[in-house]
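In what follows, chains carry the letters A, B, and so on, assigned in the order in which the sequence lines appear, proteins first and then strands, with residues in each chain numbered from 1. The model shown is predicted, which means the values in this text are computed figures rather than measured ones.
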Amino acid sequence: MFFHEFALHDDTLDAIESMNFHEATPVQQMAIPKILSGTDLLACAQTGTGKTGAYLIPILDRIPEFPKGQTSTLILVPTRELAQQIDEQVQGLGYYLDATSIAIYGGNKGPEWEQQRKALTQGADIIIATPGRLIAHLQLGYVRFEQIRFVVLDEADRMLDMGFIGDIMNILHHVPDKRQTLLFSATMPPKIRELAKKILHHPEEINLAVSKPAEGIDQQFYLSRDDQKIPLLIHLMKDLEKPSMVLFTSRKSEVNPIVRALRKMHWQARGISSDSEQTERENILRDFKNHQFPILVATDVLSRGIDIDSLSHVVNFDVPRDPEDYVHRIGRTARAANKGTAITFINEQDQPRVMRIERLLERDLPKQSITEEIGLGPAPAWAPPSGKSRHNQRPKGQGAPHKPGPNNEKKPKWHGKKKRSGPPKNSPTK
DNA sequence: AAAAAAC
């Protein structure tokens, strides 16, 4: 289905064409007519599916109806980078449409606060905000949201995870009840249903949740001790021509050590987490998107929503605790029918998480163990769930994927949370 | 046992 088949104004179609969009994605096909019809929307959809365009296009189509100098659209998002990315898309689409917008978020130590205040008082058409900073402005009393006609909650499940529910309700208190509200969420847990019931009026629902990773992703799993991960990664990268890789780690304390270890091995890497300065975060992400360096080490600050063109690899340095986040993380690659590789390292503790991912994807994932052959010593063996669960359903030696050989004999002894007796620091295993 | 987000 093509965009000119929707009841959109010519100006909007020109703007869409200028962005080189031609065919509408499934979420756009479903959402655009419903949003144009004026109803509230409860949408289960992931990023990378054209979700942003699905709500921006019909909203931008109606912007000319609203008086200039008064904000008509408020978009709330969980992370600063997502706010910025959506703002860039509005700027792209809105260029010919005379729509003004601004991303409002915290962490900046420059003229940004004043710019934000100005845009809010002068009534930019579209405000894209993270909740905390917007509330800071709202409390100062100069924000006029009486003319808001559209409210979008993007990545709503993530915002709830982050404890933003109170902030969201607070912000909505400043917005007229007579409005069109669009709620987008990657998952539909009871909490989201509850929120939807509170803030949506007779919503249309669409469901495009892809709990399955895209076909084009080659998913690889490697059993590995923590101290084997860097040399294993170096080995896996040795024949790559020009990789563009995001390496996820669940802890921000791991970001810099990983960056340093990669640099030591002559790979250009940079790191992003909430500990980085905001301007640094923005510069690094921009440079990475422009392929200025091959490896970006990141926390889950980037696992949702962020679009990076032609990402060849996603590496999970550890297994995310929420199985859905696995799908989100690897969904950064193989976008738009491209191919991509997702590499996940599994240590002893992370094995139960892999099993949860297998349950979510409803299939066994093939685990490899190559540390022995590349001279790094034994990896942890893949083990069926320990007797902690209710029943010992699986008879020993049956059913579970099982790797025969030396791996089963000498397991590294990990009694506590952290290895206390490992190889000494800075001893490159060679 | 984590991450994100306001000052």
K.L.:
For DNA chain B, which residues of residues 107-124 of chain A approach it to below 4.0 angstrom with any heavy atom?
P.N.:
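DNA chain B contact set from residues 107-124 of chain A: A/G107.
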
K.L.:
Taking 4.0 angstrom as the limit, do A/D300 and A/R329 come out as a salt bridge?
P.N.:
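So A/D300 pairs with A/R329 through a salt bridge.
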
K.L.:
Rounding to a whole Å, what distance do you find between A/Y326:OH and B/dA3:P?
P.N.:
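Distance, rounded to whole Å: 21 Å.
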
K.L.:
Taking only residues at least two apart or on different chains, which pairs with a member in residues 282-292 of chain A satisfy salt bridge (charged side-chain N to carboxylate O under 4.0 Å, His left out)?
P.N.:
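Listed once each, the pairs are A/R270-A/D287.
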
K.L.:
Taking the ring of A/F317 and the ring of A/F248, is the distance between their centroids below 6.0 Å?
P.N.:
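Between A/F317 and A/F248, which both carry aromatic rings, the centre distance is not below 6.0 Å.
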
K.L.:
What nucleotide, of B/dA4, B/dA6, B/dA2, holds the atom closest to the side chain of A/K252?
P.N.:
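Given the options B/dA4, B/dA6, B/dA2, the side chain of A/K252 is closest to B/dA4.
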
K.L.:
Is the closest basic N to carboxylate O distance between A/R304 and A/D154 below 4.0 Å?
P.N.:
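Result for this pair is no, no salt bridge flagged.
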
K.L.:
Tell me, please, which residues at least two apart from A/D218 pass salt bridge (charged side-chain N to carboxylate O under 4.0 Å, His left out).
P.N.:
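Per chain and number, A/D218 pairs via salt bridge (charged side-chain N to carboxylate O under 4.0 Å, His left out) with no residue.
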
K.L.:
Quick one: which of B/dA1, B/dA5, B/dA6 gets closest to the side chain of A/E81?
P.N.:
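The listed nucleotide nearest to A/E81's side chain is B/dA5.
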
K.L.:
Does A/T299 have a side-chain nitrogen or oxygen under 4.0 Å from the phosphate oxygens OP1 or OP2 of B/dA4?
P.N.:
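Affirmative; the distance criterion is met.
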
K.L.:
Check the distance between B/dA5's C1' and A/F164's CZ and give it to me in whole angstrom.
P.N.:
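About 4 Å, once rounded to whole Å.
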
K.L.:
Could you give the CD1-to-P distance, from A/I168 to B/dA4, as a whole number of Å?
P.N.:
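Taking atom P of B/dA4 as the reference, CD1 of A/I168 is at 18 Å.
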
K.L.:
Among the candidates B/dA5, B/dA6, B/dA1, find the nucleotide nearest to the side-chain atoms of A/M162.
P.N.:
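Among B/dA5, B/dA6, B/dA1, the one nearest the side chain of A/M162 is B/dA5.
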
K.L.:
Please check if the number of heavy atoms outside A/N207 that lie under 6.0 Å from its CG is greater than 12.
P.N.:
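Count over threshold, so yes.
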
K.L.:
Taking CG from A/D154 and P from B/dA4, how many angstroms apart are they, rounded to a whole number?
P.N.:
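About 19 Å, once rounded to whole Å.
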
K.L.:
Check this one for me: any side-chain N or O of A/R281 less than 4.0 Å away from OP1 or OP2 of B/dA5?
P.N.:
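So the side chain of A/R281 is within the cut-off, an N or O lying under 4.0 Å from OP1 or OP2 of B/dA5.
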
K.L.:
In whole angstrom, what separates A/N316's CG from B/dA3's P?
P.N.:
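In whole Å, B/dA3 P and A/N316 CG are 15 Å from each other.
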
K.L.:
What is the distance, rounded to the nearest whole Å, between atom CZ of A/R356 and atom C1' of B/dA1?
P.N.:
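Atom CZ in A/R356 sits about 12 Å away from atom C1' in B/dA1.
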
K.L.:
Figure out the CG/C1' separation between A/D322 and B/dA4, and round it to whole Å.
P.N.:
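Taking CG of A/D322 and C1' of B/dA4, I get 14 Å after rounding.
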
K.L.:
Are A/D226 and A/R251 within salt-bridge range, i.e. N to O under 4.0 Å?
P.N.:
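Result for this pair is no, no salt bridge flagged.
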
K.L.:
Considering every strand and a 4.0 Å limit on heavy-atom distances, what is the contact class for A/R80: base, sugar-phosphate, or nothing?
P.N.:
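Sugar-phosphate contact only - A/R80 comes under 4.0 Å of backbone atoms but never of a base.
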
K.L.:
Can you tell me if A/S303 touches the phosphate of B/dA3, counting only side-chain N or O atoms and a distance under 4.0 Å to OP1 or OP2?
P.N.:
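No, outside the criterion.
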
K.L.:
Please give, in whole Å, the distance from B/dA4 P to A/H328 NE2?
P.N.:
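Rounding to the nearest Å, NE2 of A/H328 and P of B/dA4 are 16 Å apart.
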
